[in-house]
K.L.:
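Let me begin by handing over the structure; questions about it come next.
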Amino acid sequence: MTEPRTLDQLSPGQKATVKKVGGQGAVRRRLMDMGVVNGVEIELIKAAPLGDPLEFRLRGYHLSLRKNEAQQIEIN
Amino acid sequence: MAAEPLTVALAGNPNVGKSTIFNALTGSYQQVGNWPGKTVEKKEGWVSIDGQRVAIVDLPGTYSLAAYSVEEIIARDFILNERPGIVVAVVDAANLERNLYLVCQILELGLPVIVALNMSDTARSRGVEIDVQKLSQQLNGTAVIETVGNRGIGIDTLKAAITRAQTARRQPSVLDYGDVIEAEIDQLQARIEADPVLAHQYRARWLAVKLLETDDDLRAHLEQMGHQPLVKSADEAIARVTASLGDDPETLITDRRYQFIGQAVGAAVTRPSQMAETPSDRADRIITHRLWGVPIFLLLMWIVFQFTANVSAPFVDWVDGVVTGPIAQWAAALLGAVGVSDTWLESLLLDGVIAGVGGVLVFVPVLLFLYLGIGLLEDSGYMARAAFVMDRVMRVIGLHGKSFLPLLIGFGCTVPAVYATRTLENERDRRVTGFLATFMSCGARLPVYVVFGAAFFGAQAGNLIFGLYLLGIGVALVTGLVMKRALYRSAPPQPFVMELPPYRMPDARTVGRQMWERTRGFVQRAFTVILGCSVAIWLLLAVPRSLNPGEFNTVEPQDSLFGSISGALAPVFAPAGFGTWEATGSLVTGGIAKEVIISTMNQVYALDAEEDASASETPTTFVEDMGSVAQSFGQAVILTGQEIVNIVPRTVNIIPGINLPEADFLGAGEASEDTSALNTMLTRAFTPLAAVAFTVFILLYVPCMAATAAMRHEFGSRWMLYQLGYTAVIAWVAAVVVYQGGLLLGIGGA
Ligand SMILES: Nc1nc2c(ncn2[C@@H]2O[C@H](COP(=O)(O)OP(=O)(O)O)[C@@H](O)[C@H]2O)c(=O)[nH]1
């Protein structure tokens with residue numbers, strides 16, 4: 001079996017559906033509070049000029065995540 | 001009409017127009033402070049609705065009521081403990097889904113809720129149609145009021161709804177979490193209800209849900225109150241749910257809330273099928289562009305820095321001039337009229353009180369310009385992008401992308417730097433950033449370096465100054481790393497997860513109000529501290545060592561208590577090479593304001609030029625004074641224009657090899673002060689090595705009292721004391737290392 005795909009592997013303009021929000025504690029809670037939950041559609045807009053963090057669009061708004069945060073989110 | 005006091009809490013996500021609604025409701029009847037012991041602003045206001053007095057409390061902007069940030073804890077504790085009669089949840093109609101998540105959590109708390117559907121104009125212009133009636137139905141009958149906060153639309157309806165909501169009997173809304181979870185909720189709920197104290201303090205169902213959500217804050221709280229068995233059975237319930245549903249209840253409960261919201265939005269909102277690219281999206285493609293992003297960031301930061309450091313300067317000088325000129329003279333004249341001129345009372349009022357008042361007021365222009373800059377950055381939506389662009393760099397020392405601005409502003413003045421930390425998202429970042437900001441060498445320290453550099457190193461002075469700035473940055477870096485490693489090592493990682501709000505035209509009233517409120521906050525808080533210090537130093541200088549009342553206020557500095565204290569402290573600095581009472585004395589007054597160091601040195605090295613300064617003052621009339629105050633204000637305005645123009649050449653001149661001349665409207669290019677006499681004295685009193693050690697000490701030692709007052713205001717007394725202690729120790733160590741190290745290497749000792 002291959003490694004599950006995670007959110008940081010999207011390329012700009014690409015969309016995916018969230019399958020599982022990993023991680024724990026404050027980071028995970030915050031992600032879910034911001035609407036990153038199972039089944040939501042999320043699109044990578046772009047990376048910051050220095051490569052990290054990343055900018056996503058979901059639920060009609062823009063959200064910025066660090067790469068290591070995006071890594072904890074599995075997608076289809 | 002019942003006149004029972006009613007409290008209404010305003011809740012909502014950040015940036016949804018909550019403050020605007022708050023202001024529209026309360027008008028000018030409001031009071032701004034901090035939540036006790038927190039770095040979070042608290043606003044409270046009053047409004048009379050149909051003759052009933054209603055207190056409105058503005059809760060911090062949050063996305064959730066999970067207790068992971070200070071803001072969330074404040075908002076939640078207020079709702080839980082103070083039990084406001086009504087919660088008005090302000091939501092952004094253009095971004096309904098995420099906004100309703102908080103609403104959902106508030107509904108679960110079981111209080112009467114009114115949803116203010118704000119920004120309904122923006123939503124409409126994007127083609128989003130919201131059926132208010134349907135939305136209200138979907139939210140179990142919760143009142144939903146459309147508002148446009150910045151135009152006052154819907155505010156009266158909102159007030160009427162507040163009155164109605166008090167009398168309406170409402171059944172608590174219930175979200176069904178599905179059989180498995182509901183069964184566990186029932187069990188926990190029964191246990192909670194069996195305990196009268198708990199049942200009184202919390203809504204049982206809410207607490208049960210929170211326990212299943214693994215809310216650490218509540219769990220710790222419950223354990224403290226001796227409810228370990230309850231927490232333990234919650235853990236068992238969590239394990240059971242996870243086993244039977246394959247996912248933990250925290251995830252399932254959140255999923256369910258968003259599912260509920262999805263249904264509500266699906267039923268009540270019609271959106272254009274294809275969301276067009278908004279102007280904001282287009283702007284962002286350039287502003288955070290891969291190549292342009294960083295230069296644009298640096299340019300904007302530089303402009304804000306110029307605003308606080310240079311553009312405000314003419315007004316600072318004007319305030320200073322008015323306080324030390326006309327106001328001091330009028331006061332002197334007034335005191336003469338009541339027959340107390342040339343007495344200690346006159347001296348106390350002029351040199352202690354009025355000087356102290358001036359010490360506060362000179363920061364007013366600085367802060368106004370700072371808040372103008374910050375207000376524009378925040379209200380336009382850029383501030384979040386600043387964090388986005390810079391995060392990669394600032395993370396290295398454990399800081400946030402938004403920490404850059406406060407640190408940069410620190411090079412101008414520490415006071416606005418401390419206040420600029422408010423733009424940061426979490427309390428830890430605010431504290432650390434404020435802590436490090438003092439090591440950014442502020443503008444008031446520069447003259448000291450210049451004088452010492454010129455006296456000891458002539459043409460090489462630039463190297464000393466540059467070295468000092470670098471040392472300050474270095475100390476901040478190391479301190480930041482140490483704090484990250486030592487203080488916060490065991491702390492769980494803070495999420496960066498941050499909304500990037502759409503760009504917006506900054507609103508003049510919003511920005512203006514913030515400038516006014518926040519500056520006023522500083523003046524109110526700092527006044528007592530600064531005035532107190534100013535009067536205390538005056539007293540020390542006035543009371544003779546001999547305690548002979550006859551010499552009160554006529555004593556020479558070295559024979560005053562000030563001289564004694566400085567003398568007693570001096571040996572502490574002997575290992576750093578400047579253990580004289582004169583040097584120590586200037587350090588003591590430098591604790592009031594760094595710019596005072598040079599004038600104190602002038603005084604204590606007996607080079608006082610005071611006499612001829614006061615002799616040149618000719619008596620003036622009130623009208624003439626008013627005229628000159630107005631005229632100098634006019635000049636300050638013109639000079640400010642000049643400073644704004646000068647941002648361009650200063651910016652261009654950073655590029656090597658280019659030299660654009662700066663504007664000089666009134667020929668204000670300052671004549672350099674004549675310090676040659678002081679130079680001679682200094683070269684006699686200090687060895688070059690001791691001079692370096694002394695400037696290193698000045699760079700690092702305790703922030704001036706205005707900065708200290710600002711820190712206390714923002715971060716609390718305990719944190720302020722840490723700061724004072726740390727800076728004092730690090731400055732002493734660094735100065736001693738420089739001096740002793742230099743001696744060992746045999747440089748510049750003799
Ligand atoms: N278009 C529009 N702008 C609004 C509305 N309400 C507030 N604003 C603007 O939104 C910005 C943020 O408002 P503010 O009250 O500071 O938001 P807060 O962070 O929630 O307190 C300000 O520039 C307001 O003028 C509204 O209903 N429509």
Side-chain angles (χ1 to χ4, degrees), chain A residues 4 6-8 10-15 17-76, chain B residues 62-66 68-69 72 92 94-98 101-102 105 126 128 213-216 247 250-251 254-255 257-259 261-262 265 271 275 280-281 284-285 288-294 297 384-385 387-393 395 401 492-502:
Chain A
T6 52
L7 201 52
D8 57 305
L10 285 180
S11 35
Q14 221 179 1
K15 290 179 191 167
T17 312
V18 172
K19 203 165 72 180
K20 182 165 191 278
V21 182
Q24 51 181 304
V27 179
R28 179 159 194 267
R29 179 75 257 172
R30 185 79 189 268
L31 282 169
M32 297 201 302
D33 286 345
M34 298 299 275
V36 183
V37 298
N38 298 354
V40 74
E41 191 188 63
I42 188 162
E43 175 189 353
L44 176 68
I45 307 277
K46 65 164 165 250
L50 301 171
D52 192 12
L54 307 171
E55 176 178 357
F56 297 94
R57 179 171 23 219
L58 74 156
R59 301 185 188 277
Y61 82 99
H62 292 235
L63 181 71
S64 154
L65 304 179
R66 284 182 183 159
K67 269 192 175 153
N68 60 8
E69 290 164 344
Q71 251 157 27
Q72 299 173 356
I73 300 165
E74 286 177 30
I75 50 172
N76 281 326
Chain B
T62 60
Y63 294 104
S64 162
L65 293 181
Y68 275 113
S69 76
E72 287 168 359
D92 177 354
N95 185 1
L96 204 51
E97 275 179 61
R98 204 209 52 227
Y101 180 72
L102 179 70
Q105 290 188 315
R126 285 202 211 153
V128 178
E213 277 191 274
T214 338
D215 187 296
D216 291 336
D247 229 335
E250 184 182 8
T251 310
T254 315
D255 285 359
R257 288 197 191 114
Y258 266 107
Q259 208 185 330
I261 292 164
V265 171
R271 270 189 274 233
M275 278 291 218
S280 168
D281 292 342
D284 201 46
R285 271 208 302 227
T288 57
H289 184 266
R290 201 163 51 82
L291 295 178
W292 314 132
V294 174
F297 165 82
R385 269 75 183 188
F388 180 67
V389 169
M390 261 338 252
D391 183 63
R392 194 65 241 285
V393 177
R395 192 189 315 171
Q494 288 291 319
F496 172 76
V497 187
M498 178 183 68
E499 182 185 4
L500 295 170

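Every chain is numbered from 1 and lettered A, B, ... according to where its sequence line falls, protein lines coming before strand lines.
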K.L.:
For chain A, which candidate among R392(B), R98(B), R257(B) shows the most heavy-atom pairs at distances under 4.5 Å?
P.N.:
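Greatest number of close heavy-atom pairs with chain A: R98(B).
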K.L.:
Could you tell me which portion of T214(B) (side chain, backbone, both or neither) has an atom closer than 4.5 angstrom to a non-hydrogen atom of chain A?
P.N.:
neither
K.L.:
What part of E55(A) is in contact with chain B, defined as an atom under 4.5 angstrom from a non-hydrogen atom: side chain, backbone, both or neither?
P.N.:
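Both backbone and side chain of E55(A) come within 4.5 Å of chain B.
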K.L.:
Out of L31(A), V36(A), V37(A), L54(A), which one racks up the most heavy-atom pairs below 4.5 Å with chain B?
P.N.:
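Max contact count across the listed options: V37(A).
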K.L.:
Name the region of E499(B), side chain, backbone, both or neither, that has any atom closer than 4.5 Å to a heavy atom of chain A.
P.N.:
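Its backbone and side chain both get close to chain A.
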K.L.:
Please determine whether a side-chain nitrogen of the Lys or Arg among R57(A) and D281(B) lies less than 4.0 Å from a carboxylate oxygen of the Asp or Glu.
P.N.:
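Yes.
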K.L.:
Please determine if R271(B) and E97(B) form a salt bridge, counting it only when a charged side-chain N lies under 4.0 Å from a carboxylate O.
P.N.:
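Looking at R271(B) and E97(B), the cut-off is met.
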K.L.:
For A70(A), is it the side chain, the backbone, both or neither that has a heavy atom under 4.5 Å from a heavy atom of chain B?
P.N.:
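When you check distances to chain B, no heavy atom of A70(A) falls under 4.5 Å.
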K.L.:
Quick check on the interface: out of L65(A), D52(A), L58(A), who has the most heavy-atom pairs with chain B under 4.5 Å?
P.N.:
D52(A)
K.L.:
Salt bridge between K46(A) and D284(B), side-chain N to carboxylate O under 4.0 Å?
P.N.:
yes
K.L.:
Please rank M32(A), Q24(A), K67(A) by heavy-atom pairs under 4.5 Å with chain B and give me the top one.
P.N.:
M32(A)
K.L.:
State, to 0.1 Å, how close R59(A) and N95(B) come at their nearest heavy-atom pair, and which atoms those are.
P.N.:
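For R59(A) and N95(B), the tightest heavy-atom pair comes out as O-OD1, 3.8 Å.
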K.L.:
Please find out if less than 6.0 Å separates the ring center of Y258(B) from that of Y101(B).
P.N.:
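Judged by ring-centre distance (under 6.0 Å), Y258(B) and Y101(B) do meet the cut-off.
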K.L.:
Which bit of I45(A) is near chain B, if near means a heavy-atom gap under 4.5 Å: side chain, backbone, both or neither?
P.N.:
neither
K.L.:
Thinking salt bridges, do E250(B) and R29(A) make one under a 4.0 Å N-O criterion?
P.N.:
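Answer for the salt bridge query: yes.
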K.L.:
Assess, by modelled atom type and distance only, whether the side chains of S64(B) and R30(A) contain a donor and an acceptor separated by less than 3.5 Å.
P.N.:
no
